[in-house]
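Right, one structure below, let's go through it.
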Amino acid sequence: QVQLVESGGGLVQVGGSLRLSCAAAGSTFSSRFTSWFRQAPGKEREFVAGLRWSGGNTYYSDSVKGRFTISRDNAKTTVFLQMNNLKPEDTAVYYCAADNGRMILSSVRLGEQYRHWGQGTQVTVSS
């Protein structure tokens, strides 16, 4: 069982930056994809960014493209989400998710296809 631990959330002003981390506690990532999702109060969970471990391909939602960057460490223990030029609409709880190693590319934006989830970290952008 993979345990994912997120960190790095907090309160930031509009235009500021935060860097989220997702660590595979006590192990390395054995998933094919690791992604970030977010959920704002009263809204559905939405895909933010995804990373394919083999090849390092990255995928983004239109709302964050050009502002957020997903990356990994070479040891395959941590995935990062660098968030720049933050906006009030980025306020949400951010979750890290990993699949079971067999997910296909067409499912990368589908939260229900991920097996492992972290506890979430709050990001609040004040105007």
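The figures that follow rest on heavy atoms only: side chains count, while hydrogens, waters and symmetry mates do not.
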| Test item: Thr91 side-chain N/O and Val125 main-chain N/O as donor-acceptor pair under 3.5 Å | yes
| Note, Trp36 side chain near Tyr95 side chain (heavy atom, < 4.5 Å) | no
| request: Evaluate the side-chain proximity of Asp90 to Met83: yes if any heavy-atom separation is below 4.5 Å, no if none is. | output: no
| said: Under the rule for side-chain contact (heavy atoms from CB on, under 4.5 Å), what residues qualify as partners of Thr58, not counting sequence neighbours? | reply: Leu51, Tyr60, Ile70
| field | Any residue meeting side-chain contact (heavy atoms from CB on, under 4.5 Å) with Ala23, in chain and number order, not counting sequence neighbours | value | Thr78
| said: In the structure I gave you, are the side-chain heavy atoms of Phe68 and Asn84 within less than 4.5 Å of one another anywhere? | reply: no
| field | By side-chain contact (heavy atoms from CB on, under 4.5 Å) - contacts of Asn57 (at least two apart) | value | Arg52, Tyr59
| said: Taking the side chain as everything from C-beta on, heavy atoms only, tell me whether Val93 gets closer than 4.5 Å to Thr121. | reply: no
| request: Taking the side chain as every heavy atom from C-beta outward, state whether Thr34 and Tyr114 have any atom pair closer than 4.5 Å. | output: no
| request: Go through the structure and list residues passing side-chain contact (heavy atoms from CB on, under 4.5 Å) with Arg19, not counting sequence neighbours. | output: Phe80, Gln82
| message | Nearest 0.5 angstrom please: Phe37 CZ to Glu46 CD, how far? | response | 10.0 Å
| task | State whether the side chain of Asp62 and the backbone N or O of Lys65 hold a donor-acceptor pair below 3.5 Å, judged by distance alone. | result | no
| Got a sec, which residues hit ring-ring contact (aromatic ring centres under 6.0 Å, His included) with Phe33, two or more places apart in sequence or on another chain? | none
Name every donor-acceptor pair, under 3.5 Å, that has one atom in a side chain of residues 2-16 and the other anywhere in the protein, sequence neighbours excluded.
{"unit_1": "Glu6", "atom_1": "OE1", "unit_2": "Gln119", "atom_2": "N", "d": "2.9"}
{"unit_1": "Glu6", "atom_1": "OE1", "unit_2": "Gln119", "atom_2": "NE2", "d": "3.4"}
{"unit_1": "Glu6", "atom_1": "OE1", "unit_2": "Gly120", "atom_2": "N", "d": "2.8"}
{"unit_1": "Glu6", "atom_1": "OE2", "unit_2": "Cys96", "atom_2": "N", "d": "2.7"}
{"unit_1": "Glu6", "atom_1": "OE2", "unit_2": "Gly120", "atom_2": "N", "d": "3.3"}

